[in-house]
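To start, the structure itself, in structure tokens.
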Amino acid sequence: MQIHFYKYQGTGNDFVILDNRNGAYSGLTSEQIEHLCDRRFGIGADGLMMLENQDGYDFRMKYYNADGREGSMCGNGGRCLTAFARHMGITGETLRFIATDGEHDAKFRDNGWVELKMKDVDQVENGGSFFYLNTGSPHYVQFVTDIQEVDVYEDGRAVRYNDRFAAVGTNVNFVQEIDKGIFVRTYERGVEDETYSCGTGVTAAALTAAPGEAGEYAIPVETLGGHLEVRFLRTGEQQYEDIWLCGPATPVFEGNIKI
Ligand SMILES: N[C@@H](CCC[C@H](N)C(=O)O)C(=O)O
């Protein structure tokens, strides 16, 4: 089978994208998706997304982690798929799509950034040394004093496979407060490694980094792959609404691969 693919990245979180609006790629197996994402034997990516049709929406987002399994929401992926949808001729100032965690709106900024509205958050566990919340995907967040000293692979893996999380898994974020905002590094479930950036992780980190008072916040975020911004309204101790993940979403290359 010959596949025409597109490769996009958002702050170094990279994705293979397939246009599946005619259903041509619906039969791909998880082994085939894992192969396409393999950095040595395939195209190489943290995940694979399919652009699909959905009545009442501009498109449907289907997301698979690099291990070939369908994932939960991917924030950087949602921004990249929105940029891809526009490239494929889906027009409008705001695009509305449906993903595994529900509806999303996405807007384009003149500087090439894509702003993605994330689901509201109304539950944040404060475990003393960590926070645990779901921003479309599950995230464990731990604040540290020197982010460069953290062994994200070893320490992230230890949390992801501990007794509490081993069965279902979690993404694990290490966060340092810096002069302007926060620096976030993430161990991603389904990639089972550190990625250069994780959109739902950055969102979880920004929400938990905000001061306790209700109000509007805009938190600048640094990752290994570049700069993002998370804007939101804090309405209560554990309540966050109108959450926007903002950052670049860039085409890298396109091509054909036989599998
Ligand atoms: N890179 C993603 C997160 C993808 C979901 C995750 N790996 C999972 O299934 O838990 C992002 O940008 O949010």
Side-chain angles (χ1 to χ4, degrees), residues 1-21 24-52 59 61-88 99-100 112-114 116 136-137 151-154 156-157 160 169-174 184-202 222-228 245 247-259:
M1 177 189 199
Q2 167 125 313
I3 292 180
H4 188 72
F5 68 88
Y6 301 79
K7 172 94 186 269
Y8 272 65
Q9 60 88 12
T11 48
N13 203 189
D14 58 344
F15 309 98
V16 171
I17 299 185
L18 306 181
D19 180 4
N20 194 35
R21 286 175 295 172
Y25 302 122
S26 297
L28 283 182
T29 64
S30 48
E31 288 74 22
Q32 288 171 320
I33 291 171
E34 185 178 18
H35 170 74
L36 292 172
C37 292
D38 191 290
R39 295 195 185 277
R40 292 179 181 82
F41 297 101
I43 302 159
D46 294 326
L48 179 146
M49 291 182 290
M50 295 192 195
L51 181 78
E52 300 194 338
F59 60 91
M61 169 180 172
K62 205 87 187 275
Y63 174 72
Y64 300 86
N65 281 309
D67 65 4
R69 296 192 205 156
E70 195 164 349
S72 40
M73 179 57 187
C74 178
N76 287 328
R79 298 187 306 95
C80 286
L81 197 63
T82 300
F84 176 68
R86 184 157 83 163
H87 175 71
M88 297 309 284
T100 176
W113 277 29
V114 176
L116 176 66
S137 281
D151 186 335
V152 173
Y153 178 75
E154 288 299 336
R157 206 172 160 74
R160 186 259 183 262
T170 184
N171 300 282
V172 183
N173 304 273
F174 299 95
V184 185
R185 292 176 63 188
T186 306
Y187 175 97
E188 266 196 55
R189 171 183 76 168
V191 182
E192 303 311 337
D193 206 346
E194 180 175 13
T195 56
Y196 274 27
S197 169
C198 172
T200 48
V202 156
E222 295 301 331
T223 66
L224 293 179
H227 180 70
L228 295 134
L245 170 68
T250 312
V252 184
F253 59 89
E254 64 179 279
N256 297 305
I257 185 168
K258 264 200 188 136
I259 58 166

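Starting from 1, each residue takes its place in the sequence as its number.
- Annotation for Ala85 and Phe59: closest pair CB-CE2, 3.7 Å, computed over non-hydrogen atoms.
- Inspection of the Thr195 and Asp46 side chains reveals no N or O donor paired with an N or O acceptor under 3.5 Å.
- With hydrogens and angles disregarded, no donor-acceptor distance shorter than 3.5 Å links the side chain of Asn76 to the backbone of Cys80.
- Under a 3.5 Å cut-off, the side chain of Asp38 and the backbone N or O of Arg40 do form a donor-acceptor pair.
- With sequence neighbours excluded, the residues forming a ring-ring contact (aromatic ring centres under 6.0 Å, His included) with His4 are Tyr6, listed by chain and number.
- To the nearest 0.5 angstrom, Leu18 atom CG is 11.5 Å from Lys62 atom NZ.
- Counting heavy atoms of neighbouring residues, nucleotides and ligands inside a 6.0 Å radius, atom CZ of Arg157 exceeds 12 of them.
- Between Asp19 and Arg21 there is a salt bridge, with a side-chain nitrogen of the basic residue lying less than 4.0 Å from a carboxylate oxygen of the acidic one.
- Residue Glu188 holds its CD atom at 10.0 Å from CG of Asp193, rounded to the nearest 0.5 Å.
- How far CG of Leu51 is from NE2 of His87: 11.5 Å, rounded to the nearest 0.5 Å.
- A donor-acceptor distance shorter than 3.5 angstrom exists from the side chain of Thr223 to the backbone of Gly225, with no hydrogens or angles considered.
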- Worked verdict on Ser197 versus Leu228 for side-chain contact (heavy atoms from CB on, under 4.5 Å): CA-CA 9 Å; Ser197 169; Leu228 295 134; 3.7 Å; yes

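- Within the 4.5 Å cutoff, the side chain of Met49 has no heavy atoms near those of the Tyr64 side chain.
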- Could you check Leu245 against Val202 for side-chain contact (heavy atoms from CB on, under 4.5 Å), going step by step and ending with a plain yes or no? CA-CA 8 Å; Leu245 170 68; Val202 156; 4.1 Å; yes

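- Residues Leu36 and Ile3 meet the side-chain proximity criterion, which asks for heavy atoms closer than 4.5 Å.
- At least one side-chain heavy atom of Phe5 sits under 4.5 Å from a side-chain heavy atom of Ile43.
- The two residues Thr170 and Arg189 make their nearest non-hydrogen contact at O-CB, 3.6 Å.
- Ring-plane geometry between Tyr187 and Tyr153 is classed as tilted, the angle between the planes lying from 30 to 60 degrees on a 0 to 90 degree scale.
- Of the inter-residue distances, the one linking Leu81 atom CG with Glu52 atom CD reads 9.5 Å to the nearest 0.5 angstrom.
- Within the structure, the salt bridge (charged side-chain N to carboxylate O under 4.0 Å, His left out) test picks out no pair touching residues 73-84 (sequence neighbours left out).
- Put simply, the side chain of Ser26 reaches to within 4.5 Å of the side chain of Asn20, judged on heavy atoms.
- Taking CG from Asn13 and SG from Cys198, the interatomic distance works out to 6.5 Å, rounded to the nearest 0.5 Å.
- Applying the side chain to side chain donor-acceptor pair (under 3.5 Å) rule to Asp14 yields the partners Lys7, Arg39; only residues at least two apart in sequence or on another chain are considered.
- Arg160 and Glu192 are joined by a salt bridge, as a carboxylate oxygen and a charged side-chain nitrogen come within less than 4.0 angstrom of each other.
- For the atom pair Ile259 CD1 and Tyr25 OH, the distance stands at 9.0 Å (nearest 0.5 Å).
- The number of heavy atoms from other shown groups lying within 6.0 Å of CZ (Phe41) does not exceed 12.
- The heavy-atom pair separating Trp113 from His227 by the smallest distance is CH2-CD2, 3.5 Å.
- Of all non-hydrogen atoms in Ser137 and Asn171, the two that sit nearest each other are CB-ND2, 3.9 Å.
- Cys74 is listed as a side-chain neighbour of Phe15, based on a closest heavy-atom distance under 4.5 Å.
- Remark: the Tyr196 side chain and the Gln9 side chain contain no N/O donor-acceptor pair separated by less than 3.5 Å.
- The minimum heavy-atom distance linking Thr200 with Gly75 is given by the pair CG2-N, 3.7 Å.
- The shortest side-chain heavy-atom distance between Met1 and Ile257 does not fall under the 4.5 Å cut-off.
- Considering all non-hydrogen atoms of both residues, Tyr63 and Glu70 come closest at O-CG, 3.3 Å.
- Side-chain contact between Phe174 and Val152: present, with at least one pair of heavy atoms (C-beta onward) separated by less than 4.5 Å.
- Counting heavy atoms from C-beta outward, Leu48 and Met50 have side chains that approach closer than 4.5 Å.
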